[in-house]
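One structure is given below, encoded as structure tokens.
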Amino acid sequence: MATVVPTSEEDAALSVVRFASELAWADAGPEVAEPQVSRLCVEAEEFIVMGKWLELASLMITSAELIFSKVSEKDIESIFTIICNLVTKTENPDEVMEIVKVITTKILQQPNEKPAVRLKIMISLYNLLETPYCQFYVYMKLLNLAVDGKVTEHIIPSFNKIDNFLKDWKIGIPEQRELFLAVSNILKENKSMSKDAFKFLTSYLATFSGDDSHVLSEAKEEAARAIVEFVRAPDVFQCDLLDLPAVTQLEKDAKYALLYQLLKIFLTQRLDAYLDYHAANSTLLKSYGLVHEECIAKMRLLSLVDLSSDGSGQIPYELIRDTLQISDDEVELWVVRGLTANLIDCKMDQMNQVVVVSHPTERVFGQHQWQALRTKLVTWRVKNFSSIIF
């Protein structure tokens, strides 16, 4: 198979057109192929001379799938480097976007064929772009390709840069919703990244704050999913779901009211409340894939946190035993589990059979807690500033 070797920068695009045309007409015989190849090359030359970069891109990308199936990966990358470079030929942002759409549409047509190579091409295209919205558009197509081609492991590392991307892209709320939900859906397939999946799902739901009921209704299913994921997650103990209108709308929803009640139990009540709930709604819990034993374990830890926040500074072993509904021998085990999970800051006084709490922990950290923290900081600043002056 021949390789594309452009002799100069000026005729690189023409070399690709000639190569792709010869590949497309290879089985037709020279009498048929040569006139067709010549015609396409002349057409390409005219587009280059006239600066019709969108038309040239459409011509160059015509045989894309043939190139993917018959050419080595190294040559595929070379060919598409030249094609993608067309976005730098025009200063018209609308034309850039149209070229991007032409290229990405072709690349996404067969995502399961050489998906990693296709992903590399899309990343190269992204790096050539200067228009923020075009970058966002290509990134979303990258996510689609990664999912459809089952190569999400290549795109997941970029999620650490989402905050920086948002600053660069300056996209609106609808686009942010699309982004957060896509990222969350990708991460939820990876069990080891459930906490990150939940974080992006929460960010998605937070974009609905202040919207009317019609718009909020769009988020009902994802709000319900967020509740289930929070309850299920063994390492997520705090969230601000109760402060989100997208979630609070479920409180009186015919379908999801009981699920909202479960969230309130996990964030504001203790184990006994959960056990009462389970006795009445065990079928519902099973329908959401929630395991009763796992829920009990999480509620025991959350109940322990609740005990530590009552302000007394000490928790009798007996109270822990009764609240967590465990044996005397298990009390210290659950305290250690709470310490290991960084849920409580305490020491065990075995002599006096009490747990001494160093710093109380809030189970919910929402608007009320932020306001309390802000008040404490203001008080601290005033106090310390006064001491500096006097």
Side-chain angles (χ1 to χ4, degrees), residues 156 159-160 162-163 180-209 219-248 250-251 256 258-271 273-275 277-278 284-309 324 334-346 359-370 373:
I156 286 176
F159 296 165
N160 294 324
I162 291 294
D163 288 341
F180 292 143
L181 189 57
V183 171
S184 178
N185 286 338
I186 289 173
L187 291 175
K188 77 176 181 179
E189 300 302 323
N190 190 326
K191 291 184 179 179
S192 66
M193 306 193 79
S194 59
K195 184 180 288 189
D196 292 318
F198 179 74
K199 182 188 78 171
F200 280 104
L201 181 57
T202 302
S203 295
Y204 163 78
L205 295 172
T207 66
F208 287 89
S209 297
K220 278 186 180 181
E221 289 188 13
E222 301 305 336
R225 174 187 144 200
I227 294 174
V228 173
E229 289 192 7
F230 171 72
V231 172
R232 182 187 291 126
D235 55 352
V236 179
F237 298 94
Q238 274 190 339
C239 70
D240 57 358
L241 292 181
L242 288 177
D243 286 332
L244 302 180
V247 176
T248 56
L250 303 184
E251 185 173 14
Y256 296 120
L258 282 174
L259 199 58
Y260 182 82
Q261 183 182 338
L262 180 65
L263 175 66
K264 290 195 74 171
I265 289 171
F266 268 76
L267 287 176
T268 65
Q269 299 182 55
R270 296 180 180 177
L271 178 62
Y274 166 74
L275 292 175
Y277 178 94
H278 176 265
L284 177 72
L285 292 172
K286 288 179 181 177
S287 71
Y288 284 110
L290 296 171
V291 180
H292 180 48
E293 291 74 16
E294 294 175 357
C295 289
I296 288 177
K298 185 163 183 172
M299 276 305 301
R300 280 177 173 156
L301 288 171
L302 290 169
S303 299
L304 183 60
V305 171
D306 203 45
L307 290 173
S308 73
S309 63
L324 274 58
W334 281 96
V335 173
V336 169
R337 289 185 65 173
L339 283 165
T340 303
N342 294 318
L343 292 175
I344 53 175
D345 185 1
C346 66
H359 300 287
T361 303
E362 296 284 356
R363 285 179 65 182
V364 179
F365 206 89
Q367 290 298 329
H368 176 74
Q369 287 72 29
W370 276 115
L373 178 60

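These figures come from a predicted structure and were not determined experimentally. All values below were derived from every heavy atom in this structure, side-chain atoms included, with hydrogens, water molecules and symmetry-related copies excluded.
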Atom CG of L271 and atom CG of L304: how far apart are they, to the nearest 0.5 Å?
11.5 Å

Can you measure from CD (E222) to CZ (F180) and round to the nearest 0.5 angstrom?
14.0 Å

Could you tell me whether the side chain of S184 and the main chain of A197 form a donor-acceptor pair under 3.5 Å?
yes

Quick check with a 6.0 Å cut-off and a 45 degree axis cone: is K188 positioned over the face of F200's six-membered ring?
no

Taking the side chain as every heavy atom from C-beta outward, state whether L285 and L262 have any pair of such atoms under 4.5 Å apart.
yes

Residues two or more places apart in sequence or in another chain: which of them pass salt bridge (Lys or Arg N to Asp or Glu O under 4.0 Å) with K286?
none

Does a side-chain heavy-atom distance below 4.5 Å link D196 with F159?
no

One should read off an interatomic distance between Y288 OH and L259 CG, to the nearest 0.5 angstrom, of 4.5 Å

Classify the angle between the aromatic ring planes of Y204 and F208 as parallel (below 30°), tilted (30 to 60°) or perpendicular (above 60°).
perpendicular

What residue among V305, L302, D306 forms side-chain contact (heavy atoms from CB on, under 4.5 Å) with R270?
D306

Return the set of residues passing salt bridge (Lys or Arg N to Asp or Glu O under 4.0 Å) with R232 (not counting sequence neighbours), or none when no residue passes.
none

Please give me the minimum heavy-atom distance between Y260 and V247, naming the atom from each residue.
CD1-O, 3.5 Å

Quick check for you: to the nearest 0.5 Å, what is the distance between E293 atom CD and I296 atom CD1?
6.0 Å

Measure the CD-CG distance between E189 and L187 for me, rounded to the nearest 0.5 Å.
10.0 Å

Donor-acceptor contact below 3.5 Å, side chain K298 vs main chain V236
yes

Hey, could you give me the CG/OG distance between L181 and S203, rounded to the nearest 0.5 Å?
11.5 Å

So, for L250 and A223, which heavy atoms are closest and what is the spacing to 0.1 Å?
CD1-CB, 3.8 Å

With sequence neighbours excluded, tell me which residues meet side-chain contact (heavy atoms from CB on, under 4.5 Å) with A206.
L244

Non-hydrogen atoms of S209 and P245 that approach each other most closely:
OG-CD, 3.7 Å

Within 45 degrees of the axis of the six-membered ring of Y256 and under 6.0 Å from its centre: does K220 put its NZ or CZ there?
no

Shortest non-hydrogen contact from D235 toward S194
OD1-OG, 4.3 Å

Counting distance only, does the side-chain N/O of R300 pair as donor-acceptor with the main-chain N or O of L324 below 3.5 Å?
yes

Provide the closest heavy-atom pair for Q269 versus M299 in the form atom of the first, atom of the second, distance.
O-CE, 3.5 Å

Do Y277 and L258 come close enough that some side-chain heavy atom pair is under 4.5 Å?
yes

Could you tell me whether E221 and R225 have a side-chain N and a carboxylate O separated by less than 4.0 Å?
no

Using side-chain heavy atoms (C-beta onward) and a distance below 4.5 Å, is T202 in contact with C239?
no

Looking at every heavy atom in both V231 and C295, which two are closest together, and how far apart are they?
CG1-SG, 3.9 Å

Between L201 and N185, is there a side-chain heavy-atom distance shorter than 4.5 Å?
no

L205 side chain reached by L241 side chain, heavy atoms, under 4.5 Å
yes

Taking the side chain as everything from C-beta on, heavy atoms only, tell me whether I344 gets closer than 4.5 Å to L307.
no

